[in-house]
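Indexing begins at 1, ligand by ligand and atom by atom, following the structure's order.
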Amino acid sequence: MICEEIIDKELQEKYQKLVETDNLLPIKISKFYMKKLIEEIDMIGKGGPLYRSVVPVRDKINIKTSVETRDYVEERKHNPIKNCDYVIQKYNDRLVFIITDVCFSHCQYCFRTYNLSKFQKSNLKETIENKIYTLKKYLKSNKNIKEIIFSGGDPLSIGYDNMKYALEKLNKWDIRVHTRAIVYDPLVFNKRMIKLLKKYNVRVVFHINHPYEIDELVEEKIKEIGKYGIRMYAQFPLLRGINDHSQVLIKLLVKMDELNIRPLSIFIPDPISYGAVNRISLSRIEKIMDEVNWNTPSWVNSTRFVMDTTIGKVRRENIIKRQGKCITFMRDGKTVNYYDLDDGIDIASDVNILLWKK
Ligand code: SF4
């Protein structure tokens, strides 16, 4: 139970019921992030950007839009190995390996909520050794795969020994690790772990959503990781109530540049169940994109705004039709429909709340 100063009891109980009946992720907040959360609550009360990242708000349960699904990107339809839901392949040359279902904290906007919650509840968990054995068997018969993306859950949560085992066994492939450990538990990047990642030339992709997630310790750790010559990248979602203002994005992107992190993509949030609270209307997304593009140098605005879909990642230039709320994207000759938010849901956040530290 999280104390009532963080979330009121009635909402917490309501949310907990949905965790049990509707596969939402239980509230989980690391000690490190909790400190920042309390600092934010002390300054502006509940509902600020860090708060909304890890604590459910009433609108999460109350707001729904007409078209939303549990698994918009249909990860479960992209499992190339029979009866194996921890390998996801959408592209010829790379695949996602769900090496663990454990995260340091649970993000309220997690697009993988449904599948992750199912993994966490499953009684049929495979050991990392078994998972790697099955994955390697598949890789042997599929020579096109050049890169394995460790995802989760948070791959850093598996600990040093498991990470070492995984990297040793998969050292013939390029390895990319997607992680939010840097903001939830930065000390996980201890010297041993950093040296291990360097030894296997791993690309590390940080998921950092807001400039306030980079405090002194996080900054120090990022610099340390960088000093070892590890290639650092970033991607993050565009989220209402968390970073839905060009000033927040610019501040974050500039900070990343200072720290030698290369931001790759800003993701448009998926139309998933319980996700309307964080979604933004397409017209406002385009406005935010333009503001970022027109007000920054190219080393800031070269970051792509993308949407992950069943046909792969698409961008604004992939839109081929707009009909009412239905927007059609085309990629490689395939099309996919995206349904915009119903009117009246998207209320822009106050930038003074998003950047309360002024
Ligand atoms: S760390 Fe990643 S996988 Fe875990 S809850 Fe957050 S977004 Fe989802």
Nearest neighbour in protein (non-hydrogen) for [atom]:
atom: atom 5 (S) of ligand 1; result: Cys107 N, 3.3 Å
atom: atom 4 (Fe) of ligand 1; result: Cys103 SG, 2.3 Å
atom: atom 8 (Fe) of ligand 1; result: Cys110 SG, 2.4 Å

Quiz item: cation-pi between Lys221 and Phe189, 6.0 Å / 45°: no

Lys36 NZ/CZ over Tyr212 ring centroid, <6.0 Å and within 45° of normal: no

Atoms in ligand 1 flagged as close to Gly152, the criterion being non-hydrogen separation under 4.0 Å: 3 (S)

Asp290/Arg316 salt bridge by N-O under 4.0 Å criterion: yes

Short N-O contact, Asp343 and Lys325, less than 4.0 angstrom: yes

